[in-house]
Amino acid sequence: MLKMSTLFLRTLRDDPADAEVASHRLLVRAGYIRRIAAGIYSWLPLGVITLRNVENVIRQEMDQAGFQEVHFPALLPREAYEATNRWEEYGPSLFRLQDRRGADYLLGPTHEEMFTLMVKGEYSSYKDLPLSIYQIQTKYRDEARPRSGIIRGREFVMKDSYSFDIDDAGLEVSYQKHRDAYVSCFNRLGMNYNIVKAVSGAMGGSKSEEFLAPCPTGEDTYVLCPKCGFAANVEAMITKVPVGDPSGVPALEELDTPNTPTIDSLVEIMNSKFGGGYTAADTLKNIMLVADGTPLAVLVPGDREVDLKRLQENLGGIHELRVFEEADFAQHPSLVKGYIGPQDAARSGIKVLADPRVAPGTSWISGANKKDRHARFVVNGRDFTPDAYVEAAEVRAGDSCPECSTEVVIDRAIEIGHIFQLGRKYAQSLGLTVLDHNGKSQTVTMGSYGIGVSRAVAAIAEQTSDEIGLNWPVEIAPAKVHIVATGKEDLPFDTALDIGNKLEAAGVTVMLDDRRDASAGVKFKDAELIGNPIIVVVGKALAEGNVEVRVRKTGDKSEVALADAVSAIFKLLA
RNA sequence: CGGGGCGUAGCGUAGUGGCUAGCGCGCCUGCUUUGGGAGCAGGAGAUCGGGAGUUCGAAUCUCCCCGCCCCGACCA
């Protein structure tokens, strides 16, 4: 039983000055966590209990699914990460250190390498597969900008699993099992979430989905179709547009368009020349980018920006993507800034990528590659041909659902889980092979599956807290029942302790506010701030032989006879 | 890394060159109080983020450094 008289806890009356989002503010105020450095937090008793509760739900669901728990050190030698090139690729986000002899070590940001090597060390036959193993462990990433308390920390707790299969069909099965286990986890954790299509990005591999907890303070943006339920991270949103019909479009016509380096100025001059009817959506924006040192032209409709993050994810394998700077234009004098069009791309030798909205057969107003000149009736397929199509334009609410063409909505969310079909990338570079039934060596195919455990604590707090405090789902609250004893006589305190003992004997976790010196008001405020689901007040009502039972979530209060208290509480918890 | 804000006791804050750095919460002692963050009295607690400088005198002005928060870039 957690007794407030001795619990290592100090709640704060004021919001901490350095916390803005609800989860951060309340977890600090209610005495769950304290900041140690940017993105690094210590956990006080209430926080540890809550974190363990979340861990245990996840652990039980993993075990239930037949996955086996292992544990790696956070401190790892450089070699394994050298083999997959991630010692370099991970860049400044990797915490690197040296031992006394100058040997390189790192603090693990994720453990694909170590799991691959562990399986390589133990197994060598297809008969051993499939295998799924996991750990719940502290990860370290030197984030450029830690944020929002424990939502994005530099040290955080993660559950990471890895599956090992002999073939693609097996991987699909393992992937699905993890997906199912994740659904069970997040349901039990009482979370509101969506499973959305994602791009696998730097992890490589083919299929990937994210579990997103909708929340205004989230960092991820995703689209959701209100009709068919299609959901995707904006990066993975698919644009479907019909092929244009260019048959009636006149021949390309070049125009004098003095002083029109921007889309707005271009639309204005077109409307004054041709009596209106033109909008930014009729123009073609030709954005010059540099991808890992190579220049690249990207075509998007003039009324849309290029979403660099989305583009980079869809290009795949690009480490640095940035827009052209003055120096880049200086190196490419054939590119007339403000008047670039794709018509002469072949001559400049720069690769042209088009957003799918710039579909074959569509006609555009575009730069004419001469200062103060534009062209209209520039038709894709007739006047220019992109080298490739790639999702590049920003996604907006109201865009068409790729499944059913309904207008999608856009929302923000916290990423709480991510599942990947990794494929053979890690197994290949680290040499994880097994013999198949013909005695031939086969490279194993892998999946990787993560849940942000400490982040889930914050995400649940975000989704469930209110103005007066935290408000945990039953399964993860520090205690299911919070008993407050009030008054100055011994009776309510003895009675409260007695109820607590009975509940604990029945397997219900209890927090007891047995402080003699705190006023009733303080105890009520603390109980609401701490956020256990059931609050039992033992005080005034005792005169009639009753105790008061409150439900934190709804605020409902009722008086029940002392003798019925335990069964009434059980009913509420069910 | 770019932009913005901030750093004074455990927490929240006042204090733009002048006396012993002020207030609220929390903490300690005593008395009173005990159903919505009680009252009175007394008390402890501060290298004013650090260093250098200007000045008769610096929390306050100047320079350098450090740290924290927010937006963006970045981020399985």
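The sequence lines fix the lettering, A, B, ..., with proteins before strands; numbering per chain opens at 1.
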Validation: residues 1-8 of chain A side-chain donor-acceptor distances under 3.5 Å, sequence neighbours left out:
unit_1	atom_1	unit_2	atom_2	d
A/Ser5	OG	A/Asp514	OD1	3.0
A/Ser5	OG	A/Asp514	OD2	2.9
A/Thr6	OG1	A/Lys3	O	3.4

| task | Step through it carefully: locate the ring centre of A/Tyr162, locate the ring centre of A/His111, and say whether they are under 6.0 Å apart. | result | no
| said: The criterion is side-chain contact (heavy atoms from CB on, under 4.5 Å); which residues satisfy it with A/Glu155, sequence neighbours excluded? | reply: A/Thr138, A/Tyr140
Atom pairs under 3.5 Å, N or O on each side, protein against nucleotides 68-71 of chain B: can you list them with distances?
unit_1	atom_1	unit_2	atom_2	d
B/C68	OP1	A/Ala38	N	2.9
B/C70	OP1	A/Ser148	N	3.3
B/C71	OP2	A/Arg145	NH1	3.2
B/C71	OP2	A/Arg145	NH2	2.7

| What residues form a side-chain contact (heavy atoms from CB on, under 4.5 Å) with A/Ser93, not counting sequence neighbours? | A/Tyr90
| said: Quick check: any donor-acceptor pair below 3.5 Å linking the side-chain of A/Arg29 to the base of B/C11? | reply: no
| request: Would you tell me whether A/Asn233 and A/Glu210 have side-chain atoms, one donor and one acceptor, within less than 3.5 Å of each other? | output: yes
| request: Assign A/Asp526 to base, sugar-phosphate, or nothing according to its heavy-atom contacts below 4.0 angstrom with the strands shown. | output: base
| request: Name the nucleic acid region contacted by A/Gly539, choosing base, sugar-phosphate or nothing; use a 4.0 angstrom heavy-atom cut-off, strictly under. | output: base
| A/Phe164-A/Phe115 aromatic ring centre distance below 6.0 Å | no
| With nearest nucleotides of RNA chain B determined for A/Ile468 and A/Glu143 from heavy-atom distances, which residue corresponds to the more 5′ nucleotide? | A/Ile468
| said: Filter on ring pair (Phe, Tyr, Trp, His ring centres under 6.0 Å), then keep only pairs touching residues 10-39 of chain A, sequence neighbours left out; what's left? | reply: A/His24-A/Tyr41, A/Tyr32-A/Trp472
| message | Applying a 4.0 Å non-hydrogen cut-off, can you work out what A/Lys309 is touching in the nucleic acid: base, sugar-phosphate, or nothing? | response | base
| Would you call the rings of A/Phe420 and A/His418 parallel, tilted or perpendicular if under 30° counts as parallel and over 60° as perpendicular? | parallel
| task | Select base, sugar-phosphate, or nothing to describe what A/Lys557 touches, counting heavy atoms under 4.0 Å on all strands. | result | base
| task | Keeping to residues at least two apart or across chains, list the salt bridge (charged side-chain N to carboxylate O under 4.0 Å, His left out) pairs with something in residues 530-551 of chain A. | result | A/Glu548-A/Arg550
| query | What distance, rounded to whole Å, do you find between the two P atoms, one in B/A38 and one in B/G24? | reply | 15 Å
| said: For A/Ala561, give me all partners under side-chain contact (heavy atoms from CB on, under 4.5 Å), at least two apart in sequence or on another chain. | reply: A/Asn546, A/Asp564
| task | Determine the contact category for A/Val537: base if any of its heavy atoms lies under 4.0 Å from a base atom, sugar-phosphate if only primed atoms, P, OP1 or OP2 are that close, otherwise nothing. | result | base
| request: Determine, for A/Arg515 against A/Asp517, whether the closest basic-nitrogen to carboxylate-oxygen distance falls under 4.0 angstrom. | output: no
| field | salt bridge (charged side-chain N to carboxylate O under 4.0 Å, His left out) contacts in which one or both residues fall within residues 449-467 of chain A, not counting sequence neighbours | value | A/Asp466-A/Arg552
| query | What pattern of brackets, bars and dots sums up RNA chain B from 5' to 3', given Watson-Crick or G-U wobble pairs under 3.5 Å, [ ] for crossing pairs and | for another strand? | reply | ((((((((.[[[[.)..(...]]]].((((((.....)))))).....[[[[[..)....]]]]])))))))....
| said: When the P atoms of B/G53 and B/G10 are compared, how many Å lie between them, rounded to an integer? | reply: 28 Å
| said: I'd like to check the side-chain contact (heavy atoms from CB on, under 4.5 Å) partners of A/Leu562; sequence neighbours left out, ordered by chain and number. | reply: A/Thr495, A/Ile499, A/Leu542, A/Val547
| note | Testing B/A73, B/C75, B/G36 for proximity to the side chain of A/Lys525, the answer is B/G36
| task | Would you mind classifying the nucleic acid contact of A/Ser93 as base, sugar-phosphate or nothing, using non-hydrogen atoms under 4.0 angstrom? | result | nothing
| remark: The reported gap from CD1 in A/Ile451 to CD1 in A/Ile58 (rounded to nearest 0.5 angstrom) is 4.5 Å
For nucleotides 22-27 of chain B, list the nitrogen or oxygen atoms of the protein found under 3.5 Å from its nitrogen or oxygen atoms, one pair per line.
unit_1	atom_1	unit_2	atom_2	d
B/C25	O3'	A/Arg13	NH2	3.2
B/C25	O2'	A/Arg13	NE	3.2
B/G26	OP1	A/Arg13	NH2	3.4

| task | Pick base, sugar-phosphate or nothing for A/Glu528, based on heavy-atom distances below 4.0 Å to the nucleic acid. | result | base
| For RNA chain B, which residues in residues 547-556 of chain A have a heavy atom at a distance below 4.0 Å? | A/Glu548, A/Arg550
